[in-house]
Number of protein chains: 2
Amino acid sequence: MIFTWVAIVLQAWEGKLRGLGYRVTAPRRAVLRALARAHRPLSVAELHKRGRAQYACLGLVTVYRTLQMLERVGLARRIHAGGACRSFVASTPGHSHTITCEHCEKTAEFDGDDVCLLPAGLEERTGYRVSGHWLQLVGVCRSCRASGD
Amino acid sequence: MIFTWVAIVLQAWEGKLRGLGYRVTAPRRAVLRALARAHRPLSVAELHKRGRAQYACLGLVTVYRTLQMLERVGLARRIHAGGACRSFVASTPGHSHTITCEHCEKTAEFDGDDVCLLPAGLEERTGYRVSGHWLQLVGVCRSCRASGD
DNA sequence: TGGTAACTGAAAGTGATTTTCACTTGGGTC
DNA sequence: GACCCAAGTGAAAATCACTTTCAGTTACCA
């Protein structure tokens, strides 16, 4: 039996959900799988379509509900792109940020605890005491650079 | 004749719009004014309501169109809050970031060219060459701290 | 094996945004 | 100052993005 990377990730996710008291159902598996296989942020509609490839009668509402749940437990992350926040990527729990390729949209996470690294004297300049932040980077991924795009 | 700060800002904005070939109309002035007077991010509906205080028959569609135009020229900025990107604040053109108070939502800009200051070796770690970023901070403003909130 | 609370899909409801179109107007021209 | 017309406008309708409701189904614990 061959285990793909996606299968291993799904296994881990399902264990995590079960551990948190969530049921692992066929519709949820379909959404999880679509998320795990994607290499770029996907809209709810796209996830619905891809999820249906695995579970034909997957309902759109279930996709919304599953994403909400996955976001809550840190397994999915909402991405800001094109003036809206309607796309999702798979995520690992914990504090991290994302970087998205401006050509192919492939999105990666990187650990962010050491990022900010905020401008010196920000509190003095603005009067605000910083308690949180939200950072998204844009760049060009290795393969798009290699293909000269 | 007394010039308030808001009046001065509006004057500058109107000059900028005219310079770019946009017409300065009563509906646009109403939206600009509502934006300039706000101390926190406002939704489209709120801007519509406030704009009507100055120009009674301001249409909702015009608010959308004006915001789109202002965002394009850098005079308004969309703010991400509560899982959506539906609020706007006045903005100064150029590269800067925002910080929003988690209590009163008052939002300030700060210059961001010196921010990132990204984690060393990000390109090596992720394979991405960074070309841009989007950063929003959350904190507590001076007056909310003073009031012990 | 049940039993049951969690989960589901369809349909209807809501709210945000865009499109369309006939009408109005800012601002340059004479 | 009157005229012109492309840019701008508001209302209504259409579209899109969710959310709620509800009757039926199912994962999983005892």
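Note on naming: letters A, B, ... go to the chains in the order of the sequence lines (proteins, then strands), and numbering restarts at 1 for each one. Just the heavy atoms: all of them, side chains too, but no hydrogens, waters or symmetry mates, feed the values below.
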Task: For atom NE2 of B:H48 and atom C1' of C:dA16, their distance in whole Å - done: 14 Å

Open item on the list: I'd like to know if A:C85 pairs up with B:C85 as a disulfide, counting it only when the SG to SG distance is below 2.5 Å.
Closed with: yes

- [ ] Looking only at non-hydrogen atoms, find the nearest pair between A:P41 and A:E46 and report the distance.
- [x] O-OE1, 4.2 Å

Task: Between C1' of C:dT17 and CE of B:M69, the distance in whole Å - done: 18 Å

Mind listing the N/O atom pairs, protein and nucleotides 28-30 of chain C, below 3.5 Å?
none

Open item on the list: Using every non-hydrogen atom in the two residues, find where A:W134 and A:R78 come nearest and quote the distance to one decimal.
Closed with: CZ2-O, 4.3 Å

- [ ] Using atom CG of B:L67 as one end and atom C1' of C:dT18 as the other, report the distance to the nearest whole Å.
- [x] 14 Å

Open item on the list: Taking the nucleotide of DNA chain D with the nearest heavy atom to each, does B:Y22 or B:R52 sit closer to the 5' end?
Closed with: B:Y22

Task: Integer-rounded Å distance: C:dC7 C1' and A:R72 CZ - done: 13 Å

- [ ] Could you encode protein contacts along nucleotides 16-27 of chain D as a string, one character per nucleotide from 5' to 3', using B for base contact, S for sugar-phosphate-only contact and - for no contact, with a heavy-atom cut-off of under 4.0 Å?
- [x] -SBBBB----BB

- [ ] Nearest whole angstrom, please: distance from the P of C:dG26 to the CG of B:L17.
- [x] 15 Å

- [ ] Could you walk me through whether B:R37 and B:R50 pass the side chain to side chain contact (heavy atoms under 4.5 Å, CB included) test, one step at a time?
- [x] CA-CA 10 Å; B:R37 299 174 84 162; B:R50 294 185 184 202; over 6 Å; no

Task: Option passing side chain to side chain contact (heavy atoms under 4.5 Å, CB included) with B:L75 (candidates B:L35, B:L17, B:V9) - done: B:L17

TODO: Send over the distance from B:E46 CD to C:dT17 P, rounded to a whole Å.
DONE: 12 Å

Task: Test item: B:E105 and B:S87 side chains (from C-beta on) under 4.5 Å apart, heavy atoms - done: no

TODO: Could you check whether the rings of A:F110 and A:H97 sit parallel, tilted or perpendicular, using 30° and 60° as the cut-offs?
DONE: tilted

Task: Closest non-hydrogen atom pair, B:E123 against B:R129 - done: OE2-NH2, 2.9 Å

